[in-house]
Amino acid sequence: MPRGVPGGASGPLGFVGLGAMGAPMVRRLLAAGHRVLVHDVNPAAVAAAVSRGAAARDSPAAVAAEAPAVLVSLPTPAVVQQVALGARGLREGLDGGGAMRIYVDLSTTGAQMAQQVAAGLAPQGVVALDAPVSGGVAGAEAGSLSVMAAGERAAFDAMRPVLEAIGSNTVFVGEAVGLGQTLKLVNNLLAATTWAAACEALAMGAKAGLDPELMVSVINRSSGRSFPTERFAAGPVLSRRFDFGFRMELMAKDMRLALQEAEALGLVMPTSRAAQTLYGLAMAGGGATEDVTALARLTEGWAGVEIADPRRNEG
């Protein structure tokens with residue numbers, strides 16, 4: 001039989017946001033036997049979810065009116081705020097006794113927005129968990145995401161079976177709302193800064209005459225390896241597909257949020273701020289909607305080389 005919300009509550013799960021990450025997460029929840037109500041501004045994304053067994057609702061408010069637990073996966077803090085607290089948003093769906101009691105934000109929005117939304121929903125008796133995810137589209141498809149959840153422990157325990165359907169590495173970060181966001185921002189800041197440095201280093205090696213495929217292979221078996229060299233360079237860049245599945249503008253947004261949080265803590269982050277400049281140049285050159293792996297094109301252009309597998313056109 002289809003499952004409802006864990007912990008004894010009846011009713012379906014709600015899910016708002018069926019983008020590159022949200023859509024495969026909904027598929028994982030459906031495959032695990034959960035009933036899911038969905039909403040997205042993209043009718044095609046909603047239709048695809050419905051074709052797999054989800055039920056559509058015409059607004060976040062309508063989802064909150066019926067679903068005791070609602071998860072959201074959205075692109076920016078402003079969109080999260082609108083969906084949670086704005087007109088026809090989740091909070092509005094609680095008027096007259098709506099069902100939502102647990103709100104789970106899988107987006108990357110920063111600690112301040114997580115706290116603002118939690119405070120906005122609390123008077124209606126809703127407990128908020130900030131639970132950003134990491135692992136990319138491939139991780140969402142495979143159910144192998146890292147989920148970094150913060151908020152009331154009882155709410156996390158109730159939602160853990162749901163979160164484990166989408167993330168094989170689901171961890172409880174702490175009871176202070178926003179800690180999950182901070183951990184995600186620390187993670188993404190490190191990934192983004194490492195990738196910026198890797199683009200420069202790989203362009204240097206290619207300019208000197210190293211075989212790019214050999215260079216990346218050796219790096220990924222040596223002390224210079226990292227998630228970006230293993231998952232950005234070794235596949236999307238060498239093949240010239242640039243298809244990891246995460247837009248440049250979203251990585252730049254995550255860097256901005258992380259550095260804003262660092263500034264609020266009184267920290268100086270010179271290395272990360274230098275890396276941020278590279279993303280800014282890529283964005284200014286029209287790369288906002290390109291895949292994050294296309295950052296390599298910027299340093300390739302400066303070096304006058306391609307970081308490409310020379311065998312890719314053989315056969």
Side-chain angles (χ1 to χ4, degrees), residues 20-21 108 133-142 144-146 148 167-169 183-255 258-259 262 269-283 285 287-288 290-315:
M21 294 291 289
T108 303
V133 300
S134 181
V137 175
E141 294 279 4
S144 61
L145 294 169
S146 290
M148 300 159 248
S168 58
N169 182 30
L183 180 53
K184 172 62 186 295
L185 291 177
V186 167
N187 177 81
N188 278 25
L189 183 64
L190 183 57
T193 301
T194 303
W195 179 226
C199 288
E200 292 185 346
L202 294 173
M204 170 190 165
K207 181 71 172 181
L210 288 173
D211 177 309
E213 192 280 331
L214 174 67
M215 174 173 56
V216 171
S217 177
V218 171
I219 288 169
N220 285 335
R221 289 169 173 80
S222 306
S223 58
R225 69 186 181 278
S226 64
F227 181 90
T229 61
E230 292 177 336
R231 299 289 296 277
F232 295 176
V237 173
L238 286 176
S239 67
R240 314 307 289 172
R241 296 192 309 269
F242 300 105
D243 61 351
F244 175 74
F246 192 65
R247 296 197 306 276
M248 189 92 67
E249 61 187 347
L250 296 180
M251 185 67 93
K253 177 262 295 183
D254 290 354
M255 290 194 85
L259 291 170
M269 311 282 279
T271 304
S272 298
R273 288 201 180 278
Q276 187 184 32
T277 300
L278 203 63
Y279 289 87
L281 290 169
M283 300 270 284
E290 291 187 315
D291 192 81
V292 66
T293 57
L295 186 70
R297 287 177 171 153
L298 190 64
T299 55
E300 288 176 339
W302 295 340
V305 296
E306 278 193 355
I307 305 163
D309 184 346
R311 302 168 300 177
R312 72 186 189 282
N313 294 321
E314 292 180 2

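Position 1 is the first residue of the sequence; numbering continues from there.
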Scan residues 211-224 for pairs that pass side-chain hydrogen bond (donor to acceptor under 3.5 Å, both in side chains), counting only residues two or more places apart or in two chains.
S217-R221, N220-T229
Qualifying side-chain hydrogen bond (donor to acceptor under 3.5 Å, both in side chains) pairs with a residue from residues 194-206, counting only residues at least two apart or across chains:
none
Sequence neighbours left out, what passes side chain to side chain contact (heavy atoms under 4.5 Å, CB included) with [X]? Give chain and number order.
| X | result |
| --- | --- |
| E141 | P24, R27, V137 |
| A262 | L267, M269 |
| A303 | A203, K207, V305 |
| T271 | T193 |

Where at least one partner belongs to residues 292-303, residue pairs that pass salt bridge (Lys or Arg N to Asp or Glu O under 4.0 Å), sequence neighbours excluded:
R240-E300, E290-R297
Taking only residues two or more places apart in sequence, or in another chain, which ones meet [X] in a side-chain hydrogen bond (donor to acceptor under 3.5 Å, both in side chains)?
| X | answer |
| --- | --- |
| Q276 | none |
| R231 | none |
| R241 | S239, D243 |
| T299 | none |

Donor-acceptor pair, [X] side chain versus [Y] backbone, under 3.5 Å?
| X | Y | answer |
| --- | --- | --- |
| K184 | D254 | no |
| D291 | F246 | yes |
| Y279 | M255 | no |

Roughly how far, to the nearest 0.5 Å, is the CG atom of N169 from the OG atom of S134?
9.5 Å
Which distance, rounded to the nearest 0.5 Å, do you find between the CG of L298 and the CE of M283?
12.5 Å
ring-ring contact (aromatic ring centres under 6.0 Å, His included) contacts touching residues 198-218 (sequence neighbours left out)
none
